[in-house]
Amino acid sequence: MAVRGRKPKPTALKVLEGNPGHRPLNKKEPMPKGKLPRCPDWLEDDAKKEWKRLGKVLAEMGMLTEIDRAAFAGYCQAYARWKGAEEFITQHGDMVRTPNGYLQQVPQVSIAQTNLKIMLKFCEQFGLTPSARSRMIGEDASSDRDVDEMELLLRG
């Protein structure tokens with residue numbers, strides 16, 4: 001039932017569009033050089049492994065710089081905690097019987113869920129999901145940053 005003044009929710013999937021709000025793109029966005037920052041010593045071992053695995057790729061793409069160190073460390077630490085909780089669940093199961101005989105969910109289930117949510121938020125920031133990558137605009141390596149806007153307009 002449609003409420004007066006409100007649009008009904010669409011039932012079909014909406015097609016992804018490039019800049020639906022037609023907001024001007026920031027042509028003067030700061031672009032720090034992509035360089036793999038030093039891995040923090042305090043990260044867990046699995047977090048350090050993830051740092052090495054994914055950090056190199058992101059730095060090569062220009063998606064990870066020195067100023068992104070804390071955010072990437074947050075992703076890696078959440079990854080390590082998520083992985084540890086999932087390994088526990090795989091080995092021991094997700095339920096335990098209490099002394100009274102009731103089944104109770106082990107704490108690792110909520111630890112895994114919480115850290116997966118944290119990871120996914122960071123993944124969106126670093127373009128690590130298909131939908132996040134579809135919203136990103138990469139710089140063409142062959143393009144010149146000092147191209148005249150009028151020249152671009154005339155070229156179409």
State, to 0.1 Å, how close [X] and [Y] come at their nearest heavy-atom pair, and which atoms those are.
X	Y	result
Cys76	Ala47	O-CB, 3.3 Å
Ala132	Cys123	CB-O, 4.4 Å
Glu66	Arg38	OE1-N, 4.4 Å
Arg97	Gly101	NH1-O, 2.6 Å

Exercise. Relative to the ring of Trp51, is the ring of Phe72 parallel (under 30°), tilted (30 to 60°) or perpendicular (over 60°)?
Worked result: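 Rings of Phe72 and Trp51: tilted, 30 to 60°.
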Exercise. Can you say whether the rings of Tyr79 and Trp82 are parallel (under 30°), tilted (30 to 60°) or perpendicular (over 60°)?
Worked result: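 Ring orientation of Tyr79 relative to Trp82: tilted.
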Give a yes or no on whether [X] and [Y] share a hydrophobic cluster (residues Ile, Leu, Val, Met, Phe, Trp, Tyr; joining criterion: side-chain heavy atoms under 4.5 Å apart).
X	Y	result
Ile111	Ile89	no
Leu128	Leu43	yes
Val109	Met95	no
Trp42	Tyr75	yes
Met61	Phe122	yes

For this session: Output every pair passing side-chain hydrogen bond (donor to acceptor under 3.5 Å, both in side chains) with a member in residues 101-125, not counting sequence neighbours, ordered by first then second residue.
Result: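 Pairs touching residues 101-125 that pass the test: none.
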For a 4.5 angstrom cut-off between non-hydrogen side-chain atoms, does [X] reach [Y]?
X	Y	value
Asp68	Phe126	yes
Asp46	Lys49	yes
Arg69	Pro40	yes

Nearest 0.5 Å, please: how far is [atom2] in [Y] from [atom1] in [X]?
X	Y	atom1	atom2	result
Lys56	Leu58	NZ	CG	12.5 Å
Leu36	Thr65	CG	OG1	10.5 Å
Arg133	Met63	CZ	CE	10.0 Å

Exercise. Do other residues, nucleotides or ligands put more than 12 heavy atoms under 6.0 Å from the NZ atom of Lys48?
Worked result: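 Result for NZ/Lys48: enclosed.
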Problem set entry | SB check Arg53 Glu50 (cutoff 4.0 Å) |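 So Arg53 pairs with Glu50 through a salt bridge.
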